[in-house]
Amino acid sequence: MGDKANAHPGAAGRATAADHPASVRNVVLVGHSGSGKTTLVEALALTAGAVNRAGRVEDGGTVSDYDEIEHRQQRSVQLSLVPVEWDGIKINLLDTPGYADFVGELRAGLRAADAALFVVSASDGVDGSTRMVWEECAAVGMPRAIVVTHLEAARADFAELTPVLAEAFGGDDPDAVLPLYLPLHGPQAPDGHAPVTGLTGLLSQKLFDYSSGERKESEPGEDQLPDLEEARNRLIEGIIAESEDETLMDRYLGGEQVDVATLIEDLERAVARGTFFPVLAAAPAAEGARQGIGTVEVLELITRGFPTPLERDAPQVTTVDGKPRELKLCDPAGPLVAEVVKTSSDPYVGRVSLVRVFSGTLRPDETVHVSGHGLADRGHEDHDVDERIGALSAPFGKQQRALTHAIAGDLACVAKLSRAETGDTLSAKDDPLLMEPWQMPDPLLPLAIQAHSKPDEDKLSQGLARLVAEDPTMRLEQNQDTHQVVLWCLGEAHADVALERLRARYGVQVDVVPHQVSLRETFADRSAGRGRHVKQSGGHGQYAICEIEVEPLPGGSGIEFVDKVVGGAVPRQFIPSVEKGVRSQAAKGVVGGHPLVDVRITLRDGKAHSVDSSDAAFQTAGALALREAAADARIHLLEPVAEVSVLVGDDYVGAVMSDLSGRRGRVLGTEQTAGGRTLVKAEVPEIEIGRYAVDLRSLSHGTARFHRAYARHEPMPPQVAERVRQQAEAS
């Protein structure tokens with residue numbers, strides 16, 4: 001790695017089906033928006049020969065339609081696959097969104113990949129969300145490398161950035177994050193900026209000059225070697241520290257010269273194990289250039305340092321009834337186990353599923369079993385059906401290029417899987433299996449919507465069902481209390497994309513309305529009411545009188561009905577009618593239309609008529625009695641309170657606690673956690689945290705996470721309750 005000449009690029013535009021897992025590398029690109037992930041993918045595709053000039057494939061398409069604004073925006077919010085070939089290895093590049101709102105797409109990319117490239121802009125540095133993803137990868141032992149982009153920026157300084165990267169990603173071992181190459185600068189421009197024209201390999205001590213548009217290798221001059229010595233020695237010591245040869249460090253410190261080939265072998269093993277994280281530098285190719293700066297080096301690292309699918313432990317697999325199932329690791333001849341990591345809709349071919357094959361071989365036009373864990377709380381069905389798949393293909397810009405098969409370890413797009421959704425397992429129909437799902441982020445931003453017109457109303461249900469089928473991070477709620485349709489999203493950008501997809505893809509225009517929380521009502525003190533329903537209109541009359549007493553109960557008690565009628569004042573057959581009437585009125589509310597809860601309603605007395613009394617009459621009388629009792633009592637408006645847990649960096653703990661207090665929250669305590677973070681626990685009224693997902697991200701610069709769970713309903717302060725009533729009357 002580093003002393004290898006230009007490798008032979010893969011054939012341009014060819015959709016290759018891998019013949020063995022060892023010849024596959026699945027790599028996910030991670031980084032914040034604007035870090036240069038998509039540009040790096042394009043440069044790697046150009047260098048690998050997948051396109052014949054920047055942005056174009058040989059038949060006139062584009063590698064990812066990135067010269068069309070609409071498609072570039074689309075790629076910025078969803079997971080994209082670009083397969084290329086280098087040195088006989090098929091590389092599946094998974095480009096993930098950089099926006100925090102689309103972390104679900106990022107998690108899908110992490111699930112499908114075996115290694116990660118963290119893309120960091122030399123001008124912007126490392127942001128908090130990228131650090132958090134690094135920790136996620138560390139938790140599962142995923143091998144990682146760092147690629148520094150935007151070297152051409154005026155304020156970019158690779159030398160200043162490398163210690164920042166070591167501090168951010170190295171943790172207790174900063175010497176595990178070291179550069180393999182140093183940028184080679186050209187003549188200084190009048191503004192003082194010296195452009196990057198190539199790289200210097202620290203291990204090979206060779207110069208790789210890209211200034212001509214092609215990678216040219218040469219030896220450094222004597223005057224350049226001293227500048228490399230310190231960085232080279234530190235790199236060698238870092239590699240030797242990860243070597244499996246425990247005697248190598250002592251021999252090196254004793255003055256023995258370690259062979260470069262040995263160092264490269266130790267480096268590749270350490271990268272594959274996920275214990276050493278090399279730093280590389282890259283810049284896109286100039287117009288007309290054949291290779292971008294550092295792209296050959298990145299491709300070499302991927303093919304030689306990153307692990308094959310054979311080296312990755314597959315997620316846990318069970319039968320559909322939950323019995324553990326042992327599988328041979330990544331065996332193309334084993335039982336079929338594949339997973340849908342992304343679902344999208346194509347206007348011409350319908351639903352397209354991006355699938356990672358973990359075991360067996362997937363072939364076109366075969367019948368598979370679709371198993372799904374079901375996310376009923378998010379509007380997703382449980383799946384347990386057989387389905388015939390359509391064609392297999394590899395995506396390439398606007399095109400889907402046909403594949404003959406997809407073996408264990410490879411990724412492919414599957415057409416016409418009408419029932420399968422993201423996270424579902426595909427297996428043999430006579431041997432149905434189920435994979436353990438990956439963790440989905442909780443959508444915590446509510447978006448209440450309603451159809452814009454009657455034609456939209458007819459299409460809304462189907463459009464929403466298809467929308468949540470594509471995106472498991474979105475939750476669909478039909479709120480029975482407020483009668484609102486609510487899409488729970490990860491953030492504002494996520495919500496905007498959902499609305500645009502409804503409009504453009506499914507032809508449904510919706511209006512966004514204020515989100516309502518589920519309020520309740522209760523009696524503040526004891527009260528009594530008399531319900532009199534007496535009517536005579538010439539025919540069969542209606543006669544029912546009942547007297548009730550209402551008293552408050554502790555929170556969570558619900559509605560308790562007690563019969564204390566004596567002497568048969570209300571005949572026994574009509575007492576259930578009174579109860580039905582008061583419960584029906586309680587469900588409708590007694591003041592603001594919110595359900596009445598936590599009261600005991602006692603039937604004390606009443607009157608009946610031998611002819612005119614009826615079930616309906618006593619139901620009406622019971623409802624009237626409850627309304628009269630409410631008219632003479634103080635009614636509390638109850639609001640839902642959520643238990644909120646916020647995991648935030650220590651630097652922002654004070655700001656978060658102050659913000660929660662300003663939302664009428666009660667901070668219950670804090671816990672110190674690993675990584676310089678604090679867990680803040682609080683109880684906060686739900687009406688105050690409708691936009692907390694957005695506000696917390698701004699407050700913590702994207703470094704905090706929070707979880708919410710319903711705790712209980714409790715009385716709303718009088719001034720807040722009055723404001724809510726006024727808003728309800730105004731609407």
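Heavy-atom basis, side chains included; hydrogens, waters and symmetry copies ignored. Since we're looking at a predicted model, the values are computed, not measured.
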Can you give me every donor-acceptor pair (side chain of residues 553-563, partner residue at least two apart or in another chain, under 3.5 Å) with its distance?
unit_1 : atom_1 : unit_2 : atom_2 : d
Ser557 : OG     : Pro554 : O      : 2.6
Glu560 : OE2    : Arg600 : NE     : 2.9
Asp563 : OD1    : Val565 : N      : 3.0
Asp563 : OD2    : Arg572 : NH1    : 3.0
Asp563 : OD2    : Arg572 : NH2    : 2.7

Indicate whether the side chain of [X] and that of [Y] have a donor and an acceptor atom separated by less than 3.5 Å.
X: Thr343; Y: Thr422; answer: yes
X: Asp456; Y: Gln450; answer: no
X: Gln585; Y: Arg627; answer: yes

Rounded to the nearest 0.5 Å, how far apart are [atom1] of [X] and [atom2] of [Y]?
X: Arg501; Y: Asp471; atom1: CZ; atom2: CG; result: 6.5 Å
X: Glu421; Y: Arg419; atom1: CD; atom2: CZ; result: 8.5 Å
X: Asp442; Y: Trp488; atom1: CG; atom2: CH2; result: 10.5 Å
X: Leu596; Y: Ile601; atom1: CG; atom2: CD1; result: 6.0 Å
X: Thr673; Y: Leu647; atom1: OG1; atom2: CG; result: 5.0 Å
X: Gln480; Y: Thr482; atom1: CD; atom2: OG1; result: 9.0 Å

Derivation and outcome, side-chain hydrogen bond (donor to acceptor under 3.5 Å, both in side chains), residues Gln509 and Ser453: CA-CA 8 Å; Gln509 187 76 32; Ser453 63; over 6 Å; no
Check [X] against [Y] and note the closest heavy-atom contact, atom names and distance.
X: Asp605; Y: Ala569; result: OD1-CB, 3.1 Å
X: Ala448; Y: His515; result: CB-CA, 3.9 Å
X: Arg532; Y: Leu624; result: O-CD1, 3.7 Å
X: Ser418; Y: Arg351; result: O-NH1, 3.0 Å
X: Ala642; Y: Ile689; result: CB-CD1, 4.0 Å
X: Pro685; Y: Arg664; result: CD-O, 3.4 Å

Side chains of [X] and [Y] in contact at under 4.5 Å (non-hydrogen atoms):
X: Tyr692; Y: Val684; answer: no
X: Arg677; Y: Val653; answer: no
X: Glu639; Y: Leu519; answer: yes
X: Leu603; Y: Val582; answer: no
X: Leu445; Y: His494; answer: no
X: Asp481; Y: Arg520; answer: yes
X: Glu521; Y: Leu637; answer: yes
X: Asp101; Y: Cys489; answer: no

Worked check of side chain to side chain contact (heavy atoms under 4.5 Å, CB included) between Met440 and Arg107: CA-CA 8 Å; Met440 301 285 188; Arg107 296 264 178 88; over 6 Å; no
Tell me, yes or no, whether the heavy-atom count around Lys580 atom NZ, taken from other residues, nucleotides or ligands under 6.0 Å, exceeds 12. no
Give a yes or no on this: more than 12 heavy atoms of other residues, nucleotides or ligands lie within 6.0 Å of atom CD of Gln719. yes
Under the side chain to side chain contact (heavy atoms under 4.5 Å, CB included) criterion, do Val656 and Thr678 qualify, and how do the steps go? CA-CA 11 Å; Val656 166; Thr678 298; over 6 Å; no
Could you check Glu643, Glu671, His707 and say which one makes a side chain to side chain donor-acceptor pair (under 3.5 Å) with Lys681? Glu671
Is there a donor-acceptor contact under 3.5 Å from the side chain of [X] to the main chain of [Y]?
X: Glu628; Y: Arg530; result: yes
X: Ser527; Y: Ala629; result: yes
X: Ser698; Y: Val694; result: no
X: Ser577; Y: Gln619; result: no
X: His636; Y: Leu638; result: no
X: Glu105; Y: Leu79; result: yes
X: Ser658; Y: Gly654; result: no
X: Thr425; Y: Met435; result: yes

Run the side chain to side chain contact (heavy atoms under 4.5 Å, CB included) test on Thr473 and Val103 for me, step by step, so that the C-alpha distance in whole Å, both residues' side-chain angles and the decisive distance to 0.1 Å come before the verdict. CA-CA 9 Å; Thr473 65; Val103 66; 5.9 Å; no
Yes or no on salt bridge (Lys or Arg N to Asp or Glu O under 4.0 Å) for Glu500 and Arg503, after CA distance, side-chain angles and deciding distance? CA-CA 5 Å; Glu500 177 60 21; Arg503 183 195 65 79; 2.4 Å; yes
Under-4.0 Å salt bridge between [X] and [Y]:
X: Arg691; Y: Glu492; value: yes
X: Glu549; Y: Arg526; value: yes
X: Asp695; Y: Arg663; value: yes
X: Glu547; Y: Arg604; value: no

Does the side chain to side chain contact (heavy atoms under 4.5 Å, CB included) test come out yes or no for Leu487 and Leu476, once each step is laid out? CA-CA 5 Å; Leu487 277 176; Leu476 176 62; 4.0 Å; yes
Hits for ring-ring contact (aromatic ring centres under 6.0 Å, His included) against Tyr710, two or more places apart or cross-chain, chain-then-number order -> His713
Derivation of the side-chain hydrogen bond (donor to acceptor under 3.5 Å, both in side chains) call for Asp615 and Gln573: CA-CA 8 Å; Asp615 170 72; Gln573 70 266 27; over 6 Å; no
